[in-house]
Student: 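Below are the structure tokens for one structure; questions will follow.
Order of the sequence lines sets the chain letters (A, B, ...), proteins ahead of strands, with each chain counted from 1. Note that the structure is predicted; figures quoted are calculated from it, not measured.
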Protein chains: 2
Amino acid sequence: MTSPVIIRLQQQGSLSQAGAEAFLACRDRNRLVDAGHTLMQQGEPMRSVFCLESGWAIRHRSLANGRRQILNLLLPGDICDLQVAVDTPADHSVTTITPVMLSEFNPGRLADTIASHADFASALLWSAVQEEGILREHIVRIGRRAAKVRLAHLLLELVRRQALGGGHTDGRIEAPLTRELLADCLGLTPVHISRTLSALRKDGLVSLAGRGRLQIDDIAALARLADYDTRYLHLTQPDHALDTALSEAS
Amino acid sequence: MTSPVIIRLQQQGSLSQAGAEAFLACRDRNRLVDAGHTLMQQGEPMRSVFCLESGWAIRHRSLANGRRQILNLLLPGDICDLQVAVDTPADHSVTTITPVMLSEFNPGRLADTIASHADFASALLWSAVQEEGILREHIVRIGRRAAKVRLAHLLLELVRRQALGGGHTDGRIEAPLTRELLADCLGLTPVHISRTLSALRKDGLVSLAGRGRLQIDDIAALARLADYDTRYLHLTQPDHALDTALSEAS
DNA sequence: CGCAGACTTGAAAATACTCAATAAATGTGG
DNA sequence: CCACATTTATTGAGTATTTTCAAGTCTGCG
């Protein structure tokens with residue numbers, strides 16, 4: 001019954017039972033959409049506020065020359081889009097990459113809840129700060145890291161963020177991360193992702209078990225290679241099992 | 001007397017005289033700092049909310065291997081940091097690159113003003129959405145554009161953003177944009193920036209007039225080269241002189 | 001004038017891309 | 001459950017882009 005969003009927001013530390021319940025009461029409805037469904041289209045007005053109960057999606061922007069850049073991956077527990085109040089057209093699209101269970105929120109009720117529940121408002125602010133931190137880290141990753149490090153770093157982020165929403169903590173990533181998707185995320189080509197991933201595999205750091213099943217075998221070694229530092233996630237409870245493994249990078 | 005911040009927020013469209021005055025009343029003090037001064041240090045707590053009255057600064061993150069990535073440039077009128085309410089350490093630093101006149105705000109009074117002036121709150125939200133749009137565009141620029149296009153695109157953004165805060169609209173950029181700074185911004189090396197910039201110069205698109213004086217000579221041609229689309233800035237008044245020049249890219 | 005920092009230029013090396021062909025995995029309909 | 005079509009992944013060879021290293025030049029300033 002506990003939603004991934006609640007699990008995620010609770011990790012900020014101050015969300016009360018009452019705040020969580022008030023938040024959940026803002027839900028209009030749940031909706032199951034297919035993989036490949038467009039939730040928001042670049043150039044069109046931003047409609048609703050929703051979050052992912054299950055499944056993965058991407059924020060991405062398409063260029064005139066046909067190339068695509070993925071700006072961020074959306075995992076269960078992620079919230080999309082508090083910026084709805086600004087009535088300019090969206091500057092990017094959001095598309096599901098697996099079947100996704102959405103919960104849609106009533107913007108008016110949400111605004112009321114923010115105003116009346118300070119603990120919820122503060123958890124939501126933390127969530128926004130975390131999302132911006134993730135965006136900034138993505139810039140660093142693409143701008144100043146070599147392909148192998150870049151990929152390793154992204155995989156570690158996905159594992160850690162999956163845990164944030166209450167998902168697997170065993171290093172498994174279950175999402176259809178095709179080479180093309182990883183390439184569009186990291187500013188590389190699918191061919192180079194393929195080569196880089198098999199280099200990581202040869203080093204015994206990750207393994208593949210069929211489509212969309214990626215397994216991180218040696219998380220500490222991968223974190224060392226990736227120079228991975230979770231600070232950008234603004235975690236407030238540094239006692240998570242994954243974080244101890246990640247900080248063995250010293 | 002009109003601050004660049006007010007000029008910028010007014011471009012959202014709904015800020016009233018009363019809202020602007022209430023905002024300005026939140027200022028604690030103005031402070032002049034040297035170039036090279038650190039306003040916020042990665043790893044340390046985020047202290048105050050401030051904005052730039054004049055001068056330029058950078059948000060940047062340093063890596064363990066000594067490399068640096070600039071996340072964003074801060075221009076007059078830009079606001080830094082509404083995330084102060086989250087009490088986790090900063091994930092990046094902010095450093096001035098010219099002498100800067102800061103105005104510092106009282107967080108408590110600012111919160112009150114947001115609560116009591118809906119027009120100001122909405123302008124501030126717009127500002128945050130714009131900043132996120134700029135971050136996302138930076139990801140696209142670094143991830144999916146070639147060096148020449150990348151540089152052209154950044155220069156156009158700087159010219160347009162300079163105008164947002166009430167600065168020059170003639171294509172001049174007056175800031176010490178060293179090759180190294182542009183390189184750390186765009187994920188390239190200073191040497192390559194040097195070569196790329198001289199290619200733009202040879203094409204008659206930009207010219208240099210000494211240290212820190214960059215002049216865009218043919219803004220429409222540069223916008224065409226850069227595939228420049230201002231949508232990510234979420235402008236609400238598309239009648240600006242610069243925007244007509246920029247949209248001649250079709 | 002002379003220094004220091006920033007810029008330019010060339011040549012060689014590294015990294016990532018493109019093209020193309022093959023192989024593997026997934027999904028579909030009989 | 002199998003055969004086929006489709007998408008995705010791998011691999012090799014050649015190319016393009018960007019980096020690195022190094023030497024030399026320019027510029028602003030005390």
Student: Could you run down nucleotides 7-20 of chain D 5' to 3' and tag each one B, S or - for protein heavy-atom contact under 4.0 Å?
Tutor: -SSBBBB----SBB
Student: Consider only side-chain N and O atoms of Q69(A) and H60(A), and report whether a donor and an acceptor are under 3.5 Å apart.
Tutor: no
Student: What residues, two or more places apart in sequence or in another chain, satisfy salt bridge (charged side-chain N to carboxylate O under 4.0 Å, His left out) together with E104(A)?
Tutor: R29(A), R31(A)
Student: Under 3.5 Å, is there a donor-acceptor pair linking the side chains of E157(A) and Y232(A)?
Tutor: yes
Student: Taking only residues two or more places apart in sequence, or in another chain, which ones meet T96(B) in a side chain to side chain donor-acceptor pair (under 3.5 Å)?
Tutor: none
Student: With side chains defined as the heavy atoms from C-beta onward, is the minimum distance between L158(B) and L75(B) less than 4.5 Å?
Tutor: yes
Student: Under the criterion side chain to side chain donor-acceptor pair (under 3.5 Å), which of T169(B), D243(B), T230(B) is the partner of R160(B)?
Tutor: D243(B)
Student: Can you give me the bend angle of the helix from dC1(C)-dG30(D) to dG30(C)-dC1(D)? Use the axis through the first five pairs and the one through the last five, nearest 10 degrees.
Tutor: 40°
Student: What pairs meet the side-chain hydrogen bond (donor to acceptor under 3.5 Å, both in side chains) rule with one or both residues in residues 185-205 of chain A, with sequence neighbours excluded?
Tutor: K148(A)-D203(A)
Student: Taking any atom under 4.0 angstrom from a heavy atom of chain B, which nucleotides of DNA chain C are the first and last to qualify, 5' to 3'?
Tutor: dA6(C) to dA11(C)
Student: Using a cut-off of 6.0 Å, state whether more than 12 heavy atoms not belonging to Q41(A) lie near its atom CD.
Tutor: yes
Student: Does some side-chain heavy atom of R136(B) sit less than 4.5 Å from a side-chain heavy atom of D91(A)?
Tutor: yes
Student: Taking atom CG of D34(A) as the centre, report whether more than 12 heavy atoms of other residues, nucleotides or ligands fall under 6.0 Å from it.
Tutor: no
